[in-house]
Peer 1: 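Following this message is one structure expressed as structure tokens.
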Amino acid sequence: MKLPYGHVLNGEEIAIHEERVDVVRSIFEYYLAGASLGKIVDMLFAKGISSPTGNSKWTRAAVDKLLANKKYIPIVGISEYMDAQFEKDRRCNVNYDKAGQPRKSNRYQSPHKNGIKLYKSYSF
């Protein structure tokens, strides 16, 4: 069984790896602040944080999968996780389709740069 980054097998239970919790949180924070997947990869490499596979450099795909994984909700919270999901839906790295037509009328700008939250917290 392959465990998600930041988790460890403790006997027969899956537990959160305390030393990697801050890495997971910082990935979500940087992404919601407007950093691209590539910028997050560069930040992790600059800090010397090895990838989940043990490589010295993460891939954009690994960061993207981490951001999409529901198993990180207990670490970052439902609000921040949902904000990342809405943010992923809003972002587009391709400005034109195959026919050369613009995919969007205006370029993407992260609402988090202006302090706007995308997901409203509800208490039950």
Side-chain angles (χ1 to χ4, degrees):
M1 172 175 58
K2 188 173 181 180
L3 296 173
Y5 183 82
H7 293 79
V8 64
L9 196 58
N10 190 3
E12 292 191 21
E13 285 188 23
I14 297 174
I16 294 174
H17 191 284
E18 295 299 327
E19 294 173 8
R20 294 184 178 172
V21 168
D22 290 335
V23 174
V24 171
R25 286 187 184 128
S26 67
I27 289 171
F28 274 86
E29 287 172 14
Y30 279 110
Y31 187 74
L32 291 174
S36 66
L37 297 176
K39 291 283 185 189
I40 294 171
V41 166
D42 293 342
M43 178 271 304
L44 294 167
F45 182 72
K47 290 186 175 186
I49 299 168
S50 60
S51 75
T53 59
N55 293 332
S56 62
K57 190 158 186 174
W58 287 62
T59 63
R60 288 187 301 244
V63 173
D64 191 41
K65 286 179 184 176
L66 186 143
L67 290 167
N69 194 333
K70 294 176 187 173
K71 293 179 180 163
Y72 294 107
I73 292 173
I75 294 174
V76 299
I78 187 71
S79 178
E80 194 154 339
Y81 174 80
M82 291 305 297
D83 282 349
Q85 303 322 299
F86 289 125
E87 187 81 359
K88 284 172 60 105
D89 287 342
R90 290 178 46 97
R91 292 190 186 195
C92 175
N93 291 332
V94 180
N95 293 327
Y96 298 94
D97 64 13
K98 291 180 181 178
Q101 299 298 317
R103 290 180 58 160
K104 293 187 176 182
S105 59
N106 56 7
R107 289 194 53 88
Y108 168 79
Q109 289 189 346
S110 175
H112 283 280
K113 289 183 179 179
N114 300 327
I116 299 169
K117 295 226 21 130
L118 297 173
Y119 179 76
K120 187 175 181 180
S121 296
Y122 295 98
S123 57
F124 296 96

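No experiment lies behind these values; they were computed from the predicted model shown. We count residues from 1, following the sequence as given.
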Peer 1: About how many Å separate NZ of K70 and CE of M82, when rounded to the nearest 0.5 Å?
Peer 2: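 Going from CE on M82 over to NZ on K70, the span is 9.0 Å.
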Peer 1: Determine which pairs satisfy side chain to side chain donor-acceptor pair (under 3.5 Å) with at least one residue from residues 53-66, sequence neighbours left out, and list them in order.
Peer 2: S51-T53, T53-N55, D64-K88
Peer 1: Tell me whether V76 shares a hydrophobic cluster with V8, the cluster being built from Ile, Leu, Val, Met, Phe, Trp, Tyr side chains joined at under 4.5 Å.
Peer 2: no
Peer 1: Here's a test for you: under side-chain contact (heavy atoms from CB on, under 4.5 Å), which of I73, N69, I75 qualifies with K71?
Peer 2: N69
Peer 1: Apply side chain to side chain contact (heavy atoms under 4.5 Å, CB included) to the pair L37 and L67, showing each step before the final yes or no.
Peer 2: CA-CA 10 Å; L37 297 176; L67 290 167; 3.8 Å; yes
Peer 1: If you look at every heavy atom in L9 and L3, which pair is closest and at what distance?
Peer 2: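 Nearest heavy atoms, L9 then L3: N-CD1, 3.4 Å.
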Peer 1: Could you list the donor-acceptor pairs under 3.5 angstrom formed between side-chain atoms of residues 39-48 and any protein atom two or more places apart in sequence or on another chain?
Peer 2:
none

Peer 1: Could you report the tightest heavy-atom contact between A84 and Y31, atom names first, then the distance?
Peer 2: O-CE2, 3.9 Å
Peer 1: Short question: side chain of Y72, backbone of G77 - any donor-acceptor pair under 3.5 Å?
Peer 2: no
